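So the structure is just underneath, and the comments pick up after that.
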Amino acid sequence: MTAADPGPAGRPGLRPAAVDPGPAGRPGLRPAAVAVRDIHSFLVDLGMDCDVNPCTAFVGAVEPGRVEDPGAWREFVSRLGLTRALADLVEVAEEDVVVTLDPRPGPAEGGPAELADLVTVYHNEHPLGIDEAVRLAYWRHTDGAYLLFVKFSHLIVDLTDVVELLRQIRAHLRGETPPGRIGSRYRHHARTVEQYTALPAADPAEVTRALGELPVPGRKGIPTISAAVEDWLPLREGVTFDELLSAVTGVLLPALGGGLVLQYPFSRWEFATKGGYYVEIKPLVVRPGPPSEYTPEYFAKTRQAQESLGRFTMSDLDSFARAFTSGRMPRVVVSDTTFMRPEPDRWRWVPVRGARVFEDLKFLADRSWPGPPLLRMQYKRGFLSPEAAAHVLDGLKQRIGASGATP
């Protein structure tokens, strides 16, 4: 559908799921959708849209007519391949996949902080439906431009997909020819889903033996979903992912005490240029001891060994899953990703914040071109005090921080 979502009772065009209906009658996953089972559970069972589905906001000029026609917006999204991709995964026909265009009352007024608050409230109050591929909301801005908010279903996008899709969407909004071949990433999405499902699965018992015993953490996690706090740090140019892992470990071992299990997302090279979510969450066991042992070279070697064990993700490992679910082990995520900052010569980025967070502590590196690189530290209020968070951030600044850059 193309109009603003009228809510579950008024959503037109949604047919009953033919197989495996989800909770409360929501459409379930198709059998081949192995890669997105955890994401689906986060969205359906935990209601964690605000912490899962990628979104961004930006201010800039829009060609007249580009945001006034819901049918044209749906047609463009379909050309991108997103409606077909969601129908490949969820028990819903492509014509019933929801594509939302939501004009908001305006104009949007205020400076960067006020605009960020506006899109943050919108993001947290408007979760995507399981049958919804993408949502575009917009406000007229006081300077004649538009404030635009875009959110994608993580069931059908990895963040590399989002970077390309946003370039094409922003060009479309400006009335320009979108770069690249429209829809090329998703042209064979159903086949790619099957190829990923057919990958040899790792033996969870073998993986668990290779990882060894779980360390005893110095600080337990919080097993419930909690309010999120975030801080930003400008990163030094050229910091590698293994250097990021080493810096985070070097700061957290003395700050938290005990051992850790870092989690990081892993995508296989053969799926890197193919549209869709084919991500495995991998663990890195960090034991109490001198932080100097956990060098970038150590993490590069350890990751290579882990990633060669076959297809598995954290939820496949029962002992690890139980430790995280109970809160015995804190959830700490490190990810080298992007927050989709737009081209600075044409658009002004507006940060969007999630209200709630699943993990206890997350370090998310944003390398949006042309930069500067940024690190977002997000954490539960009850896991870190403001003083402890400032200490962690200061330690990272000393190791991998840069001066003179601002979000």
Side-chain angles (χ1 to χ4, degrees), residues 159 211 215-221 228-267 281-307 329-339 341 349 351 353 357 359-381 383-407:
L159 290 179
L211 292 171
V216 177
R219 182 175 304 182
K220 291 185 177 181
V229 183
E230 65 180 46
D231 293 304
W232 291 85
L233 172 71
L235 279 180
R236 189 176 67 241
E237 293 280 355
V239 171
T240 68
F241 183 57
D242 292 309
E243 288 172 338
L244 175 60
L245 288 168
S246 180
V248 167
T249 302
V251 171
L252 291 187
L253 274 178
L256 302 182
L260 297 168
V261 177
L262 304 179
Q263 302 179 52
Y264 72 98
F266 165 66
S267 300
I281 305 301
K282 304 294 190 185
L284 292 166
V285 176
V286 176
R287 304 192 181 280
S292 58
E293 295 179 4
Y294 293 99
T295 63
E297 293 75 20
Y298 167 86
F299 282 114
K301 182 178 178 180
T302 304
R303 289 198 304 118
Q304 184 178 24
Q306 274 238 39
E307 294 158 10
M329 180 65 67
R331 294 183 172 97
V332 181
V333 170
V334 184
S335 180
D336 199 346
T337 181
T338 176
F339 290 98
R341 282 177 286 164
W349 177 51
R353 304 181 301 275
V357 66
E359 291 85 5
D360 296 289
L361 180 58
K362 293 197 286 191
F363 299 92
L364 307 171
D366 172 12
R367 303 182 191 270
S368 297
W369 188 88
L374 300 172
L375 182 70
R376 181 170 75 163
M377 185 177 79
Q378 189 177 26
Y379 56 95
K380 292 176 178 176
R381 292 182 186 276
F383 184 71
L384 286 182
S385 67
E387 295 76 19
H391 178 74
V392 169
L393 206 64
D394 186 63
L396 290 172
K397 182 178 180 180
Q398 294 177 31
R399 288 167 171 80
I400 55 175
S403 60
T406 57

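Counting from 1, the numbers follow the sequence of the chain as shown. Quick caveat: nothing in here was measured; it's all calculated off a predicted structure.
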Verdict with reasoning, Leu244 to Leu375, per side chain to side chain contact (heavy atoms under 4.5 Å, CB included): CA-CA 10 Å; Leu244 175 60; Leu375 182 70; 4.1 Å; yes
Once the angle between the rings of Tyr264 and Phe241 is folded into 0 to 90°, is it parallel (under 30°), tilted (30 to 60°) or perpendicular (over 60°)? tilted
Derivation of the side chain to side chain contact (heavy atoms under 4.5 Å, CB included) call for Tyr379 and Val357: CA-CA 7 Å; Tyr379 56 95; Val357 66; over 6 Å; no
Looking at Asp360 and Lys380, is any side-chain nitrogen of the basic one under 4.0 Å from a carboxylate oxygen of the acidic one? yes
Working to the nearest 0.5 angstrom, can you tell me the gap between [X] [atom1] and [Y] [atom2]?
X      : Y      : atom1 : atom2 : result
Phe266 : Glu307 : CZ    : CD    : 4.0 Å
Ile400 : Phe363 : CD1   : CZ    : 9.0 Å
Arg287 : Glu293 : CZ    : CD    : 11.5 Å
Glu243 : Leu235 : CD    : CG    : 10.5 Å

Among residues at least two apart in sequence or on other chains, which ones pass side-chain hydrogen bond (donor to acceptor under 3.5 Å, both in side chains) with [X]?
X      : answer
Gln304 : none
Arg236 : none
Tyr298 : none

Checking side chain to side chain contact (heavy atoms under 4.5 Å, CB included) for the pair Arg367/Asp336: CA distance, chi angles, key distance, verdict? CA-CA 8 Å; Arg367 303 182 191 270; Asp336 199 346; 2.5 Å; yes
Look at the side chain of [X] and the backbone N and O of [Y], then say whether any donor-acceptor pair between them is shorter than 3.5 Å.
X      : Y      : answer
Arg399 : Val248 : no
Arg219 : Phe383 : yes
Ser246 : Asp242 : no

So do [Y] and [X] actually touch side chain to side chain, heavy atoms under 4.5 Å?
X      : Y      : result
Thr249 : Pro291 : no
Leu284 : Val334 : no
Tyr294 : Leu253 : yes
Arg331 : Gln263 : yes
Met377 : Leu361 : yes

Sole candidate of His391, Gln398, Lys397 that passes side-chain hydrogen bond (donor to acceptor under 3.5 Å, both in side chains) when paired with Asp394: Gln398
Might you point out which heavy atoms bring [X] and [Y] nearest each other, and give the distance in Å?
X      : Y      : result
Ser368 : Arg341 : OG-N, 3.1 Å
Leu374 : Pro234 : CD2-CA, 4.0 Å
Glu237 : Pro373 : OE2-CD, 3.3 Å
Pro215 : Val285 : CD-CG1, 3.7 Å

Identified side-chain contact (heavy atoms from CB on, under 4.5 Å) counterpart of Leu252 within the set Leu396, Val286, Leu260: Leu260
